[in-house]
Amino acid sequence: MLGKKLVTAQKRGETRALCLGLGMVACSMMMYFFIGITIVPFYTKSVWTTETVCKVLKTNIKDKVFCPNSEGSEDGEIFPYPCLQVWVNLTASGQEVMLYQTEDTLEKNPKCSYVPDKLENSQEVKARIDTIASNFNKYQIFPCYYDPGGTQTNVILSRLYPSKGLFFAFLWPTLMFTGGCLIIVLVKISQYVSVLSAWQ
């Protein structure tokens, strides 16, 4: 009687462990799919792939401009803000080009190097842009990214999805997938050993 209870408990534990392993594998596959349709397209679409050194030539803050109307945007998303323009000397080619914060900045407004988030307090927006401009004037040499193919003549300060970020995005689902497969393999080995012991 006690032996039957132990076998039943063992089978229940193996079933739960097997379900856990299969659940971890299924979740990791869903995470792979989500990353593949969200992050990977933006990473492969970006042409600013090569890092170089940029030196600030001049900074200019123009009068307030309006964030251009993008497709699907509402009127409430359009707001005025000072237009910061940063021109740098690209070390790789020696050209004078315009610097943008990220790839997204160029799509939002190609006339400005920095596009702030929508803030109701215009003084806070102005203070932030003044701080960014003073930092560029203070730290004039910094790393930036350019397009080695020459499709885009401008440069960006940082990539939205760098290689390191993509690596960490795939790291967690990979660990979960590996752990799930390991649990499944251990359960199958345990079942095989139990059958072998019973047969002997």
Side-chain angles (χ1 to χ4, degrees), residues 31 34-172:
M31 292 174 67
F34 180 76
I35 294 172
I37 63 175
T38 55
I39 299 178
V40 173
F42 287 103
Y43 176 79
T44 56
K45 182 182 176 183
S46 178
V47 296
W48 295 272
T49 56
T50 305
E51 185 175 350
T52 185
V53 177
C54 289
K55 182 179 180 181
V56 175
L57 296 177
K58 58 182 177 180
T59 59
N60 184 24
I61 300 179
K62 291 188 174 181
D63 295 334
K64 288 186 177 181
V65 297
F66 285 88
C67 183
N69 220 344
S70 58
E71 295 182 1
S73 64
E74 301 177 356
D75 292 340
E77 297 179 354
I78 305 172
F79 62 99
Y81 58 90
C83 182
L84 171 64
Q85 292 181 338
V86 181
W87 294 90
V88 298
N89 182 17
L90 185 60
T91 305
S93 60
Q95 295 177 330
E96 180 180 339
V97 295
M98 189 169 177
L99 174 73
Y100 295 95
Q101 184 184 13
T102 61
E103 302 95 328
D104 195 32
T105 306
L106 181 62
E107 295 182 1
K108 288 181 178 179
N109 191 350
K111 295 181 179 179
C112 303
S113 297
Y114 172 76
V115 176
D117 297 329
K118 182 181 178 182
L119 298 173
E120 296 181 358
N121 189 352
S122 59
Q123 296 295 327
E124 185 177 348
V125 174
K126 184 178 183 304
R128 179 179 298 180
I129 292 178
D130 290 338
T131 302
I132 294 173
S134 63
N135 287 335
F136 276 119
N137 291 326
K138 184 178 180 180
Y139 306 101
Q140 295 193 345
I141 299 177
F142 50 86
C144 58
Y145 294 90
Y146 75 101
D147 176 18
T151 307
Q152 294 285 345
T153 56
N154 41 57
V155 296
I156 61 174
L157 181 62
S158 60
R159 301 182 65 185
L160 285 173
Y161 300 102
S163 302
K164 185 181 294 185
L166 192 66
F167 169 76
F168 283 108
F170 278 105
L171 177 62
W172 298 115

Novice: Once side chain to side chain contact (heavy atoms under 4.5 Å, CB included) is applied, do any residues pair with I39, and if so which ones, sequence neighbours excluded?
Specialist: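 With neighbours one apart ignored, the set is I35, Y161, L166, A169.
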Novice: Identify the heavy atoms of M98 and N154 that sit nearest to each other, and give their distance.
Specialist: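 Residues M98 and N154, closest heavy atoms: O-CB, 3.3 Å.
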Novice: Is any side-chain heavy atom of S46 closer than 4.5 Å to a side-chain heavy atom of L160?
Specialist: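 The answer is no, as the side chains (C-beta and beyond) never meet within the 4.5 Å cut-off.
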Novice: Tell me, please, which residues at least two apart from K111 pass side chain to side chain contact (heavy atoms under 4.5 Å, CB included).
Specialist: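 With neighbours one apart ignored, the set is N109.
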Novice: Looking at every heavy atom in both Y43 and P162, which two are closest together, and how far apart are they?
Specialist: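 Reported closest heavy-atom pair: CE1-C, 4.0 Å.
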Novice: If I compare all heavy atoms of T44 with all of P41, which pair ends up nearest, and what's the gap?
Specialist: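 Closest heavy-atom pair between T44 and P41: OG1-O, 3.1 Å.
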Novice: Testing the basics here: between E103 and I156, what is the closest heavy-atom pair and its distance to 0.1 Å?
Specialist: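 It is CD-CD1, 3.8 Å.
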Novice: Without hydrogens or angle criteria, can the side chains of Q85 and S113 be said to hold a donor-acceptor pair below 3.5 Å?
Specialist: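 Judged by distance alone, the side chains do not pair up.
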Novice: Applying side-chain contact (heavy atoms from CB on, under 4.5 Å) to C54 and N89, what does each step give before you reach the verdict?
Specialist: CA-CA 6 Å; C54 289; N89 182 17; over 6 Å; no
Novice: Is there a side-chain contact (heavy atoms from CB on, under 4.5 Å) between L57 and E96 once you walk through the steps?
Specialist: CA-CA 8 Å; L57 296 177; E96 180 180 339; 3.4 Å; yes
Novice: In the structure I gave you, are the side-chain heavy atoms of Y145 and L157 within less than 4.5 Å of one another anywhere?
Specialist: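 SC-SC contact between Y145 and L157 ruled out.
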Novice: Which atom pair, heavy atoms only, marks the closest approach of C144 to L90?
Specialist: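 For C144 versus L90, the nearest heavy atoms are SG-CD1, 4.4 Å.
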Novice: Would you tell me whether T59 and N137 have side-chain atoms, one donor and one acceptor, within less than 3.5 Å of each other?
Specialist: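 There is such a pair between these side chains.
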Novice: Please find out if less than 6.0 Å separates the ring center of Y114 from that of Y100.
Specialist: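 Y114 vs Y100: aromatic centres not under 6.0 Å.
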Novice: Going by the rule side chain to side chain contact (heavy atoms under 4.5 Å, CB included), which residues pair with P143 if we only count those two or more places apart in sequence or in a different chain?
Specialist: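 Side chain to side chain contact (heavy atoms under 4.5 Å, CB included) check on P143 returns E51.
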Novice: Measure the CH2-CZ distance between W48 and R159 for me, rounded to the nearest 0.5 Å.
Specialist: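 Interatomic distance, W48 CH2 to R159 CZ, rounded to 0.5 Å: 10.0 Å.
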Novice: Check whether any side-chain heavy atom of I129 sits under 4.5 Å from a side-chain heavy atom of T131, and report yes or no.
Specialist: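 No, every pair of side-chain atoms sits at 4.5 Å or beyond.
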Novice: Under the side-chain contact (heavy atoms from CB on, under 4.5 Å) criterion, do Y146 and T49 qualify, and how do the steps go?
Specialist: CA-CA 6 Å; Y146 75 101; T49 56; over 6 Å; no
Novice: Is it true that, when you exclude F34 itself, more than 12 heavy atoms of the residues, nucleotides or ligands shown sit nearer than 6.0 Å to its CZ?
Specialist: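 For F34, atom CZ is not crowded (no more than 12 foreign heavy atoms under 6.0 Å).
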Novice: For a 4.5 angstrom cut-off between non-hydrogen side-chain atoms, does N60 reach W87?
Specialist: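 The answer is no, as the side chains (C-beta and beyond) never meet within the 4.5 Å cut-off.
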Novice: Return the minimal non-hydrogen interatomic distance between I61 and D130, and the atom names on each side.
Specialist: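 Result for this residue pair: CD1-OD1, 3.4 Å.
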Novice: Testing L84, T105, L106, T102 one by one against V115 for a side-chain contact (heavy atoms from CB on, under 4.5 Å), which residue passes?
Specialist: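 Looking at L84, T105, L106, T102, the match for V115 under the side-chain contact (heavy atoms from CB on, under 4.5 Å) is T105.
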Novice: Within this structure, what is the CE-CZ distance for the pair M31 and F170, rounded to the nearest 0.5 Å?
Specialist: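 Spacing of CE (M31) from CZ (F170) equals 10.5 Å.
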Novice: Could you measure the distance from the CZ atom of R128 to the CD atom of Q123? Nearest 0.5 Å is fine.
Specialist: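 The distance works out to 13.5 Å.
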